[in-house]
Number of protein chains: 2
Amino acid sequence: MTAAVHVVDDDASFRTAVGRHLRAAGYEVFTYETAADLLAQLPLTAPGCVILDVKLPGMSGPELQRRLIEHGTTLPIIFLTGHPDIPASVRTIKAGAEDFLIKPVPGHQLLDAIERAIASHHTGQARGHEIAALRALFDALTPREREVFRLVVHGRLNKQIAHELDITERTVKAHRQSVMEKFKAHSLLELVFAAENLGILSRSDRHAMLERNLTERSSGSDRGH
Amino acid sequence: MTAAVHVVDDDASFRTAVGRHLRAAGYEVFTYETAADLLAQLPLTAPGCVILDVKLPGMSGPELQRRLIEHGTTLPIIFLTGHPDIPASVRTIKAGAEDFLIKPVPGHQLLDAIERAIASHHTGQARGHEIAALRALFDALTPREREVFRLVVHGRLNKQIAHELDITERTVKAHRQSVMEKFKAHSLLELVFAAENLGILSRSDRHAMLERNLTERSSGSDRGH
DNA sequence: TTTCATATTGGCTGTACGGACAATGTGCAC
DNA sequence: GTGCACATTGTCCGTACAGCCAATATGAAA
């Protein structure tokens, strides 16, 4: 399995050495002198990982990490720095970095880290593809269908949706059926799971649903319409 | 808001100094010389956090961290060590530690870290209480109701459940209704959200549901019974 | 023995929804 | 103008499920 390793370091001799080492290990290596050079190559879709120096001319390593995450890249990041910096390691790892190594790094240690990073990327990519497939289905919906979809997975009844959208219940059923067909869903549950993977059901949405279950209400009259 | 800070360090003078400092800041402080001393106090339910030295006589800090997690404790852990150790910081942070500080630590820095840790613990505890409440509802179910519950939230129809449990569809309906009442759920969705928070719907379960939607099948005959 | 929780099953009514038969109107692209 | 996608609405039928009326059997606890 060929994997791409992207190395960002301002030290040319380091890039050369690491590049040779990693290519010898069977990786496809791309080197960049600055963070901007790597950002210019986005999006990077091939499986692999990124190796960053913390201290870089211009944009720093952690700043580049933030940009990559903002951009939606799921490439695992391994930090590789010559200056031990515990606070930086804590921040970057908490931000999702895969590893934080100190130069000079023994060859086998770097290869091990890359191996782990790429393995991690694989599982992440599998999930990414799944979400992309769902996204494609969602994008194929018409605007109206999207509205109905959102309300349906929030637990609204056709009747309620009809009222909220100011249309007939029959129309809601029509859109609802289109959504079910386009998503190839055979039950409401399947649609809800798809919605969760699409991030359409936020945590607060689910939370609101649960709160109703956990609070005791002895009052006789329920929902005030 | 009084919060409990648990300090584990084998240096008596350090315990005294930190204890005095934190008490002056308004925290309730408990000090322990060894990991075992803290483990003996479990479970710790009050809001707060734990401060660990990496190097401890007997059980090490990271090992204690592992034990605490195994035990289900959600107390955030701040590591505080005299020997900068990047690999250790990476491992502990990836294992969920809240922070990793180097001795000697400026007083304000430690207090900031504790503040963040306790804030984090609050949100975690809120969620913990919610799950505990759901757990209580789940535990109030009869064995049979639990079986039906599990199958229902996996999307099975009453008919299918009846077949799997070798009982009548009418009986499934009875149990299903009991479950809905005990969970105060007004719709299938609410029950499913509860199940997700209880970890009854594993990721692989949801994944299996999605796969059916993402794979095109043109064959006429569906489920082979 | 009586009581109680649990599990089991039946019938009946109403609602919610899926599926299949439609039709109408609007706006945009060719 | 003619198609086409989209939105809208209608009726009819069947399934799935909630809600309420029950009854019966079993085992454990009082």
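Below, read A as the first sequence line, B as the second, and so on, with proteins coming before strands; counting in each chain starts at 1. Side-chain atoms are counted along with the backbone in the values below, which use heavy atoms only and exclude waters and symmetry mates.
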From CD1 of A:Ile161 across to C1' of C:dA16 the rounded distance in Å is 12 Å
Roughly how many Å is it from CD in B:Glu147 to P in C:dA7, rounded to a whole number? 9 Å
Would you kindly say whether A:Arg206 and B:Asn197 are connected by a side-chain donor-acceptor distance under 3.5 Å? no
For the pair made of CG in A:Leu188 and P in C:dA16, what is the distance, rounded to whole Å? 14 Å
5' to 3', nucleotides 9-16 of chain D under a 4.0 Å protein heavy-atom cut-off (B base, S sugar-phosphate only, - none) gives BBB----S
Would B:Val54 and B:Phe100 satisfy side-chain contact (heavy atoms from CB on, under 4.5 Å), going step by step from the backbone distance to the final call? CA-CA 10 Å; B:Val54 171; B:Phe100 195 101; 3.8 Å; yes
Given atom NE2 of B:His175 and atom C1' of C:dA7, what is their separation to the nearest angstrom? 5 Å
For A:Glu70, enumerate each residue passing the salt bridge (Lys or Arg N to Asp or Glu O under 4.0 Å) test, keeping only those at least two apart in sequence or located in another chain. A:Arg66
Over how many whole Å does the gap from A:Gln177 atom CD to C:dA20 atom C1' extend? 8 Å
So, A:His207 versus B:Glu130: side-chain donor-acceptor pair below 3.5 Å or not? yes
Nearest-Å distance for atom pair CZ/P, residues A:Phe183 and C:dG18: 15 Å
Can you tell me if the side-chain N/O atoms of A:Thr142 get under 4.0 Å from OP1 or OP2 in D:dA5? no
Distance in angstrom units between A:Glu190 CD and C:dG18 P, rounded: 12 Å
Value in whole Å for how far the C1' atom of C:dT9 lies from CZ of B:Arg144: 13 Å
Looking at A:Leu75, A:Thr31, A:Val8, A:Leu56, which one forms a side chain to side chain contact (heavy atoms under 4.5 Å, CB included) with A:Leu38? A:Val8
Between B:Arg23 and B:Glu28, is the closest basic N to carboxylate O distance under 4.0 Å? no
